[in-house]
Amino acid sequence: MQCIKRASIAGVAGYVPDYVLTNSELEQMVDTSDGWITTRTGIQERRILKGEALGTSFMAIQAVKDLLQKTATDPTTIDLLICATITPDRITPATANIIAHAVGATHAFSYDLQAACSGFLYGLDTAAQFIAAGRAKRVVVVGADKMSSITNYTDRATCILFGDGAGAVLVTADDGDSRYGIIDTICKTDGSGQDLLYQKAGGSRLPASHETVDAKAHYIHQDGQNVFKAAVTAMSDVVLDMMARHHLTATDITYLVPHQANKRILKLVADRVAIPMEKVMLNIHKYGNTTAATIPLCLWDYEQKLKKGDKLILTVFGGGFTWGAMYMVWGYDG
Ligand code: UT7
């Protein structure tokens, strides 16, 4: 659906914890090797949030505070704060409420949005719709996950992949120049993938019990190969759809910004949509898969290189299955 009043990203910030979990440290924990992890995933290290009782909100608050400071935004002027996460501080209340309170966004309403690795893009689309409808002028969208809280560090198939982090963007209504901002979004869902990437226990279907803890059912589980294939097909198809809808060729696109799940997935998607790897934002080597945080962390890392008028296609794939693409024209020089 096309936006009526166009929403634009006016600033981006991020936070990653200090602790670096390297491939060589993982070699001491499970039967794996730096060579296997690097060649099969492209990941060299990831960040882990250490510290008693620190949850996802801790990272998100740092990112949002930095965002408000660098964009010189008075927190009381924020209308809405959306937190995309699958690792909320608590099941209830929403982590977004905790973040809004901590940063002084006293006039904002806030809520969490759960779309796994697609959460940030879904959240950005939601922000754009609130702005298009005239319901909000300034929205903060934060993607944050403490994946280490649901990762089984005795399972080599998953523990090498995930990391912790948070990224946030300020979304504002355009100032009358409709050449910039979020042009179009495609969001997709297919619930038939629900058992291929999931956390078995802890919800209403299988609440926490001694048995679920003993069975390690509170950790993230995935059928890696099937998720891999689905991710490549879904992300390339949706990017091609978006390019066709706007008559874009690879030459027109400044950057493809893909969810950072596996470097091999990103290469295959880039090949299928014929966008060279130099135009693909990449930071999986240093953060791993931070779920809802990968896209804003990429934008944060590349912000200095971005120029007003750059054409970006964001694409995501995650548990659910959920996936999508967003086409935007960047609105400011980095
Ligand atoms: O963010 C949401 C979306 N998530 C994704 O997109 C993740 C998609 N999946 C993947 O990225 C990949 O499937 C993985 C990285 C999870 C696994 O890579 P793979 O190339 O698909 O490996 P595989 O599961 O086919 O396993 C190949 C071999 C197996 O050994 P055998 O049976 O061939 O002897 C595994 O046991 O590699 C073994 N293996 C490992 N070896 C060393 C699996 N994990 C490891 C490991 N270290 N960490």
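Order of listing sets the numbers, starting from 1, for every ligand and every atom in it.
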Colleague: Between the side chains of Lys286 and Asp301, is the shortest nitrogen-to-carboxylate-oxygen separation below 4.0 Å, so that they form an ion pair?
Modeller: yes
Colleague: Tell me, which pairs form a ring pair (Phe, Tyr, Trp, His ring centres under 6.0 Å) where one or both residues lie in residues 248-273, sequence neighbours left out?
Modeller: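 Checked against ring pair (Phe, Tyr, Trp, His ring centres under 6.0 Å) - neighbours excluded - the pairs reaching residues 248-273 are Tyr255-Tyr302.
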Colleague: Any Lys/Arg nitrogen of Arg47 or Asp18 sitting under 4.0 Å from an Asp/Glu carboxylate oxygen of the other?
Modeller: no
Colleague: Are Trp330 and Tyr332 close enough that their ring centres sit under 6.0 Å apart?
Modeller: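 Ring centres of Tyr332 and Trp330 closer than 6.0 Å.
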Colleague: Report yes if the distance between the aromatic ring centroids of Phe109 and Phe130 is under 6.0 Å, otherwise no.
Modeller: yes
Colleague: Anything with a heavy atom under 4.0 Å from ligand 1 counts, so go ahead and list those protein residues by chain and number.
Modeller: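 Residues within 4.0 Å of ligand 1: Asp31, Thr32, Trp36, Arg40, Thr41, Cys117, Arg156, Ala157, Ile160, Leu161, Leu197, Gln222, Gly224, Gln225, Val227, Phe228, His259, Ala261, Asn262, Arg264, Ile265, Asn289, Phe317.
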Colleague: Does a salt bridge link Lys70 with Glu303, judged by any charged N lying under 4.0 Å from a carboxylate O?
Modeller: yes
